[in-house]
Number of protein chains: 2
Amino acid sequence: MWERGAVIRVLIADDQALVRGAMAALLGLEVDIEVVAEVGTGTDVVPTARAVQPDVALLDVQMPGMDGLAAAAELRDAVPTCRVLICTTFGRPGYLSRAMAAGAAGFVVKDAPPEQLVEAVRRVHSGLRVVDPALAAESLASGASPLTDRELEVLRTARDGGTVADVAKVLHLSEGTVRNHLSSAIGKTGARTRAEAVRLAETRGWL
Amino acid sequence: MWERGAVIRVLIADDQALVRGAMAALLGLEVDIEVVAEVGTGTDVVPTARAVQPDVALLDVQMPGMDGLAAAAELRDAVPTCRVLICTTFGRPGYLSRAMAAGAAGFVVKDAPPEQLVEAVRRVHSGLRVVDPALAAESLASGASPLTDRELEVLRTARDGGTVADVAKVLHLSEGTVRNHLSSAIGKTGARTRAEAVRLAETRGWL
DNA sequence: ACCTCGCCATGACAGGTGTCATGGCGAGGT
DNA sequence: ACCTCGCCATGACACCTGTCATGGCGAGGT
């Protein structure tokens, strides 16, 4: 009971229990950091954060239910005192910009050395922003997604390899319209095939 | 210097430094486990293991250079006293069977709770096999890959969304032959599109 | 020797795909 | 009011794809 207020209270959200526990163990080694909550889905983030009032929320991007980016946006409104640190497997340019738009204070990739994570937690807690410079440059270079909402939706639906007719049926559109959106998306991504467009949009974090 | 031989010496191989360090921290909390080496590529596994002679090697499947499955096979010959525990993100049926064929003693997915990992390390070290029962059942149900080497190669090449002509050029084959292999792969996977066949083969661990 | 099976190839055909021109509708900006 | 832009749709056209029949070659099993 004698932590004199200098301890950083952290919430960890990651869908993989093993990674979640391991990160908790890693952060727990630091004397000035305490892991006060662990959740495995995006939908659990806000309720839990409301209950335990953490100083920093460490959110993975890909989670079942709600992704880390959406959770970050909701968390910003629900618990304004809690600063958000996004931690993800893929350093996709689009993720960074979307994370910043969602009010995140920091962004670290899982390729980074462990010390960098604990440093990021401390810096975020003290009000600084944490961004990988290389990723920031890449993000600025590739820019924001030029795809419209509908194009993204069509691309997402076509992702699992269905035919145009399937996509049209799912989205309640004409086949011709689907083909138009796909054609437009292919042109904007610089791809030459629907599958390639999906792949490119994914690696750029536009999905 | 007074660990009296009861300590389990572990090597960790994972391409993500953060996860690697976190897992090391997690295992390091246990008094009977000591992490003696960390590597980030598949090619570093065997040389490092030869040098430090670990009791257990904890290998991720997807790594740059050489994947964990191939590393496991080489490790079995190079350091027979070291038992292999495969630890991966995806619980794909094909991974399990290939891991067992490569001489692995255990297989855990990263969805599992942290205690399960440390338990797996102990069991593997004591000579037992560790396999998730649900995954084992799924593995037996889906069976081994019905795809021939060439079909897999064509499917792999077609994965990034290239056209038939592209694949044919890369593999030095006729376009017709590529189409035949694709058609066969589509039939065997039960898919209706090339893209769907790629997706299904991937989720089953046949890739 | 025979058969089976994987591999490569060709040719043909139906159907799916990507592109383009054209048009209508509604929202937002000047 | 005007223009721009996203969205939906139709129709037409060239091209790509998936399927099938057919055949040749070499390896391995009986």
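The sequence lines fix the lettering, A, B, ..., with proteins before strands; numbering per chain opens at 1.
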### Message
Can you see if the side chain of Thr148(B) gets near the phosphate of dC7(C) - specifically, an N or O under 4.0 Å from OP1 or OP2?
### Response
yes
### Message
What's Arg192(A) touching, base or sugar-phosphate or nothing? Going by heavy atoms closer than 4.0 Å.
### Response
nothing
#### Entry: Between C1' of dG6(D) and NZ of Lys188(A), the distance in whole Å
9 Å
### Pair Thr41(A)-Asp44(A), side-chain donor/acceptor within less than 3.5 Å
yes
### Leu147(B) CG - dC5(C) C1' separation (whole Å)
15 Å
#### Entry: Axial cation check for Tyr95(A) ring with Arg98(A), 6.0 Å and 45° limits
no
## Note on the structure
Picking from dT19(D), dT17(C), dA9(C), the nucleotide nearest the side-chain atoms of Ser183(B) would be dT19(D)
### Query
Considering only side-chain heavy atoms of Arg179(B), which listed nucleotide, dT19(C), dC8(D), dT19(D), is closest?
dT19(D)
### Rounded distance (Å) that lies between atom P of dG15(C) and atom CD1 of Ile186(B)
17 Å
### Shortest non-hydrogen contact from Leu117(A) toward Leu27(A)
CD2-CD2, 4.2 Å
### Query
Which base, if any, makes a Watson-Crick or G-U wobble pair with dG6(C), both distances under 3.5 Å?
dC25(D)
### Task
Send over the distance from Leu155(A) CG to dT17(C) P, rounded to a whole Å.
14 Å
### Query
Using a cut-off of 4.0 Å on non-hydrogen atoms, how would the nucleic acid contact of Asn180(A) be classed: base, sugar-phosphate, or nothing?
base
### Message
Need the pair for dT30(C). Rule: Watson-Crick or G-U wobble, both distances under 3.5 Å, any strand; none if unpaired.
### Response
dA1(D)
### Message
Under 3.5 Å for both donor-acceptor distances, Watson-Crick or wobble: does dC20(C) have a partner, and if so which one?
### Response
dG11(D)
## Note on the structure
Taking for Leu173(A) and for Thr193(B) the nucleotide of DNA chain D with the nearest heavy atom, the one nearer the 5' end belongs to Leu173(A)
### Message
Whether His181(B) contacts dC7(C) is assessed here as follows: a side-chain N or O lying under 4.0 Å from the phosphate OP1 or OP2. Is that the case?
### Response
no
## Note on the structure
Taken to the nearest whole Å, CD/Glu175(B) to P/dC7(C) is 20 Å
## Note on the structure
From CG of Leu182(A) across to C1' of dT19(C) the rounded distance in Å is 12 Å
### Query
Take atom CZ in Arg123(A); do more than 12 heavy atoms of anything else shown fall under 6.0 Å from it?
no
### Query
When you measure from the side chain of Arg150(B), which nucleotide among dC7(C), dT17(C), dG18(C) comes out closest?
dC7(C)
## Note on the structure
Out of dT17(D), dC8(D), dT10(C), minimum distance to the side chain of Thr163(B) belongs to dT17(D)
### Query
So what does Thr177(A) hit on the nucleic acid, given a heavy-atom distance under 4.0 Å: a base, only sugar-phosphate, or nothing?
base
### Check ion pair Arg83(B)-Asp55(B) (N to O, under 4.0 angstrom)
no
